[in-house]
There are 4 protein chains.
Amino acid sequence: MNKRAEERRKQVLRATLKAISEKGFSVVTLQDIADYADVSKGVISYYFENKEDVFYHLLEWMTDRIFQNEYAAIQKESKAIDKMRAYVNAAFKSPEDNRIFYSVYLEFLAQVNQNERFREVNSNFYKNCWFIGSEIIQKGKSEGIFTNIEVESGSHMIRALIDGCLLQWLMRDDEMLHSYYRDNCYDAIITYLNYKDS
Amino acid sequence: MNKRAEERRKQVLRATLKAISEKGFSVVTLQDIADYADVSKGVISYYFENKEDVFYHLLEWMTDRIFQNEYAAIQKESKAIDKMRAYVNAAFKSPEDNRIFYSVYLEFLAQVNQNERFREVNSNFYKNCWFIGSEIIQKGKSEGIFTNIEVESGSHMIRALIDGCLLQWLMRDDEMLHSYYRDNCYDAIITYLNYKDS
Amino acid sequence: MNKRAEERRKQVLRATLKAISEKGFSVVTLQDIADYADVSKGVISYYFENKEDVFYHLLEWMTDRIFQNEYAAIQKESKAIDKMRAYVNAAFKSPEDNRIFYSVYLEFLAQVNQNERFREVNSNFYKNCWFIGSEIIQKGKSEGIFTNIEVESGSHMIRALIDGCLLQWLMRDDEMLHSYYRDNCYDAIITYLNYKDS
Amino acid sequence: MNKRAEERRKQVLRATLKAISEKGFSVVTLQDIADYADVSKGVISYYFENKEDVFYHLLEWMTDRIFQNEYAAIQKESKAIDKMRAYVNAAFKSPEDNRIFYSVYLEFLAQVNQNERFREVNSNFYKNCWFIGSEIIQKGKSEGIFTNIEVESGSHMIRALIDGCLLQWLMRDDEMLHSYYRDNCYDAIITYLNYKDS
DNA sequence: TATGAATGAGCTTTCATTCAT
DNA sequence: TATGAATGAAAGCTCATTCAT
């Protein structure tokens with residue numbers, strides 16, 4: 001039955017996420033994943049073509065979840081400034097979640113140069129992120145703020161800053177800094193967007 | 001002779017940089033490195049404790065080179081605004097250099113969670129980067145600009161944006177975008193630093 | 001199934017015994033063992049932790065087999081003198097068996113200084129050997145012979161002579177001498193045990 | 001000059017003995033030996049054909065020294081019984097010496113099956129040992145004792161017991177037992193030699 | 001569907017030996 | 001004579017993948 005298969009695949013992907021976040025991308029074995037998923041090694045080969053295929057689907061699943069979460073967050077707000085805040089808050093969900101997701105995401109990014117499929121998934125994720133940024137900026141413009149910002153490049157810079165901040169936070173390995181980076185990231189974006197030539 | 005040893009180690013590190021950038025961190029073998037360096041496999045073990053030790057020294061060497069280059073660049077300028085431009089220009093040295101250095105650096109960052117020594121090297125690199133940012137902001141303040149920016153958090157955001165932009169550029173795999181990201185990065189930083197409350 | 005695993009392990013141990021006796025302890029490779037066992041290299045790692053673990057279990061298995069064989073032999077006899085003969089005969093089982101077992105056992109003894117686990121197994125084997133010697137001497141004493149011999153030191157000397165003879169025989173590489181050493185060993189022991197002060 | 005060469009070779013052999021006794025036969029590297037001898041690795045290759053050649057000469061040197069020492073010891077005594085005591089005492093020189101020499105000797109014995117040259121050296125050592133035993137037994141016979149013992153087989157058994165005792169002592173790793181095994185070995189030999197049919 | 005035994009390619013690492021200096 | 005840099009064969013071990021059950 002298709003439903004069972006879908007459940008199994010999810011089970012494997014969740015286990016893979018956990019395994020990578022704890023052991024590291026290049027160290028994780030199919031046996032590790034099987035152990036975390038509480039299934040036999042054969043199951044993985046049964047539902048996925050090979051190890052790389054598991055990783056591919058994990059990246060797809062992860063980035064989609066992040067996007068869905070962020071997009072849902074901005075939908076709940078009506079004003080551009082609130083949407084922006086919601087976007088950053090969603091990106092900086094929590095130290096625990098960010099640690100797991102971002103450290104694994106980082107491993108994928110590192111593989112992008114060697115894996116065209118990973119690149120495509122990330123390319124799509126970027127488009128979604130920029131879409132969020134664009135929506136917020138355009139909403140702002142319609143509200144009469146963010147007037148000096150180009151929509152496209154603005155959305156690029158917003159995501160660059162979010163990713164740059166999360167990366168720096170992750171590297172500093174101090175959960176206390178999570179709100180520091182979240183707030184400074186938000187402030188920097190707002191400052192950047194609101195700039196008015198004197 | 002000590003000089004010969006130093007030369008050999010550099011030779012191996014250069015080869016490792018090339019090997020990782022082309023094959024990827026987790027795929028690169030000692031044989032690959034040996035081939036790129038045009039030496040036998042044994043030489044690597046002769047001059048380094050093990051593979052991880054080669055990587056460690058490569059990261060150290062790379063980040064130090066980047067810092068030295070960036071720091072030298074800002075030293076050449078006298079005005080804060082020019083230093084900032086020089087900093088960004090140095091960070092966005094060239095598509096070719098950035099591609100090699102940044103893709104390898106990214107692989108190291110992905111390993112930081114599994115390797116304490118890598119973390120320490122990067123931690124030091126961050127401090128150097130923030131030092132550059134701080135110097136520029138302080139210079140700006142002494143010139144009467146950048147007045148609304150805190151030195152420390154400002155230096156953090158600057159580096160976050162630079163890294164975020166380089167990361168995004170790298171992921172997009174389009175050398176034409178290099179100047180686009182460099183200029184937008186610079187503009188975003190300047191906008192962020194010069195913000196004046198109305 | 002557990003039975004299959006046990007069978008496989010035995011298969012590997014038998015192959016290891018053969019491989020060591022023919023190629024030598026420090027020369028034997030996992031590939032050699034795999035070849036002798038007619039399995040792939042991976043099987044060995046699958047059923048044993050590592051090479052040293054294979055050796056450890058081989059030593060355990062060997063010494064246990066030798067002891068069981070010797071102990072069973074003396075059980076079949078009722079008189080002390082017959083038990084003694086049976087013990088020596090069991091120790092000098094046959095040129096072929098002694099060559100294989102004793103040459104491999106000797107290699108293990110040579111490793112005892114570098115391997116605490118080997119030492120423990122041999123220590124246990126010694127205790128078993130001394131137990132056999134003690135039983136025979138005590139039986140003799142109850143029969144009114146072996147009166148001048150201390151049980152403990154007597155059991156030590158008996159095993160020392162047996163091992164010394166087998167070692168010397170092995171070094172001389174002449175299968176014809178097997179019965180010569182067996183008989184002289186037995187005579188020497190009997191002489192030693194029966195000595196009566198005049 | 002020949003003298004310098006001889007000195008160098010001795011230096012290397014002494015270092016090899018120490019290296020093997022501390023690290024073990026199969027683990028010791030030429031670098032270890034060079035370090036212990038305080039010479040460069042090249043020196044070893046310069047004065048010996050290869051590693052095996054070093055070992056070969058070490059075995060020769062060791063067994064010759066042991067024999068010379070034991071033979072000199074029995075020469076100092078005039079009566080057979082005193083010679084026998086002197087022989088055993090020389091064989092059980094001291095816990096420290098026995099540990100070093102015998103553990104290394106044992107490693108060589110383990111190699112005899114794989115190395116014809118080692119076998120020859122040991123074969124010659126055996127002949128020397130048996131020669132000592134024969135001399136003592138014959139002297140005893142001329143004194144009217146040891147009458148029931150065959151010279152040849154007696155000399156074989158004597159050495160077998162000495163080696164068996166030293167082996168067992170070495171395996172027990174307790175220096176306190178040294179005098180225990182020495183004295184019991186001597187007693188056992190004397191008992192064995194003096195046996196008189198009633 | 002699911003298992004896990006078995007395979008063997010391919011990795012890192014060690015080290016005897018060589019040889020230019 | 002003496003050095004030690006360099007070589008590369010060969011080892012142990014890991015693990016993705018296959019496949020009989």
Side-chain angles (χ1 to χ4, degrees), chain A residues 1 4-5 8 26-35 37-55, chain B residues 1-2 4-5 7-8 11-12 26-35 37-54, chain C residues 1-2 4-5 7-9 11-12 26-35 37-55, chain D residues 1 4-5 8 26-35 37-55:
Chain A
M1 194 185 283
R4 179 202 210 94
R8 272 279 196 252
S26 61
V27 175
V28 114
T29 67
L30 286 183
Q31 188 62 63
D32 289 330
I33 296 173
D35 291 346
D38 222 32
V39 297
S40 83
K41 230 180 346 172
V43 167
I44 301 170
S45 297
Y46 194 83
Y47 287 106
F48 294 92
E49 294 203 14
N50 51 34
K51 198 184 180 186
E52 191 261 337
D53 193 48
V54 179
F55 288 170
Chain B
M1 192 184 285
N2 213 334
R4 180 203 211 88
E7 193 45 57
R8 270 280 193 254
Q11 185 183 3
V12 170
S26 60
V27 175
V28 121
T29 68
L30 288 181
Q31 189 60 64
D32 290 330
I33 297 173
D35 291 347
D38 219 32
V39 296
S40 81
K41 230 179 346 173
V43 167
I44 301 167
S45 296
Y46 193 82
Y47 288 104
F48 295 90
E49 301 226 352
N50 49 37
K51 197 184 178 186
E52 192 261 342
D53 194 48
V54 178
Chain C
M1 194 184 284
N2 214 334
R4 179 202 211 91
E7 192 45 57
R8 270 281 192 252
R9 290 170 67 93
Q11 184 183 3
V12 170
S26 60
V27 175
V28 121
T29 67
L30 288 182
Q31 189 61 64
D32 290 331
I33 296 173
D35 291 346
D38 219 32
V39 296
S40 81
K41 229 180 348 172
V43 166
I44 301 168
S45 296
Y46 193 82
Y47 288 103
F48 295 91
E49 301 226 352
N50 51 35
K51 196 185 178 187
E52 192 261 342
D53 194 47
V54 179
F55 287 172
Chain D
M1 192 185 283
R4 180 203 208 93
R8 272 278 195 251
S26 60
V27 174
V28 115
T29 67
L30 285 183
Q31 189 60 63
D32 289 329
I33 296 173
D35 291 345
D38 223 30
V39 297
S40 82
K41 229 178 351 171
V43 167
I44 301 170
S45 296
Y46 193 82
Y47 287 106
F48 295 91
E49 295 203 11
N50 52 32
K51 198 184 179 186
E52 191 261 338
D53 194 47
V54 179
F55 288 170

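So that the names make sense, note that chain A is the first sequence line, chain B the second, and so on, each numbered from 1.
- A straight line from CZ of Arg8(D) to P of dT1(F) spans 10 Å, rounded to a whole angstrom.
- Rounded to whole Å, the distance from CG on Asp38(A) to C1' on dG4(E) is 15 Å.
- Helical stems in DNA chain F, defined as runs of 3 or more consecutive Watson-Crick or G-U wobble pairs with both donor-acceptor distances under 3.5 Å, are listed by first residue as E:2-21 with F:2-21.
- Backbone-only engagement by Val28(D) is indicated by non-hydrogen atom pairs under 4.0 Å involving sugar-phosphate atoms exclusively.
- Atom-to-atom, CG of Asp35(A) to C1' of dC15(F) comes out at 13 Å; the value is rounded to the nearest Å.
- When the ring pair (Phe, Tyr, Trp, His ring centres under 6.0 Å) test is applied to Phe48(D), the partners found at least two apart in sequence or on another chain are His57(D).
- Atom CD in Gln31(A) sits about 12 Å away from atom C1' in dT14(F), given to the nearest Å.
- Between the CG atom of Asp32(A) and the C1' atom of dC15(F) there is a distance of 10 Å, given to the nearest Å.
- A close approach under 4.0 Å does occur between a side-chain nitrogen or oxygen of Arg4(B) and OP1 or OP2 of dA6(F).
- Between the side chain of Asp35(D) and the backbone N or O of Asp32(D) there is no donor-acceptor pair closer than 3.5 Å.
- For the contact set between residues 44-53 of chain A and DNA chain F, defined by any heavy atom under 4.0 Å, the members are Ser45(A), Asn50(A), Lys51(A).
- Rounded to an integer number of Å, the gap from Leu30(B) CG to dC11(E) P is 10 Å.
- Counting all heavy atoms, side chain and backbone alike, Val43(D) lies closest to Arg8(D) at CG1-CD, 4.0 Å.
- One interatomic measurement links the two molecules: CD1 of Ile33(D) to P of dA16(E), which rounds to 8 Å at whole-angstrom precision.
- Side-chain atoms of Val39(B) lie closest to dT7(F) of the nucleotides dC13(F), dT7(F), dA2(E).
- Looking at Lys41(C), its side chain comes within 3.5 Å of the base of dG10(E) through a donor and an acceptor atom.
- Here the closest non-hydrogen pair linking Ala34(D) and Ser40(D) is CB-C, 3.9 Å.
- In terms of position on DNA chain F, the residue among Gly42(C) and Gly42(B) whose nearest nucleotide sits closer to the 5' end is Gly42(B).
- If you take CZ of Phe55(A) and C1' of dT17(F), they are 15 Å apart, rounded to a whole angstrom.
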| request: Just do the side-chain contact (heavy atoms from CB on, under 4.5 Å) check on Phe55(C) and Val28(C) with the steps written out, would you? | output: CA-CA 11 Å; Phe55(C) 287 172; Val28(C) 121; 3.9 Å; yes
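- When every heavy atom of Val54(B) is checked against every heavy atom of Ile44(B), the shortest pair comes out as CG2-CG2, 3.7 Å.
- The structure places CD of Gln11(B) at 12.5 Å from CD1 of Ile33(B), a figure rounded to the nearest 0.5 Å.
- The NZ atom of Lys51(C) sits 6.5 Å away from atom OG1 of Thr29(C), with the distance rounded to the nearest 0.5 Å.
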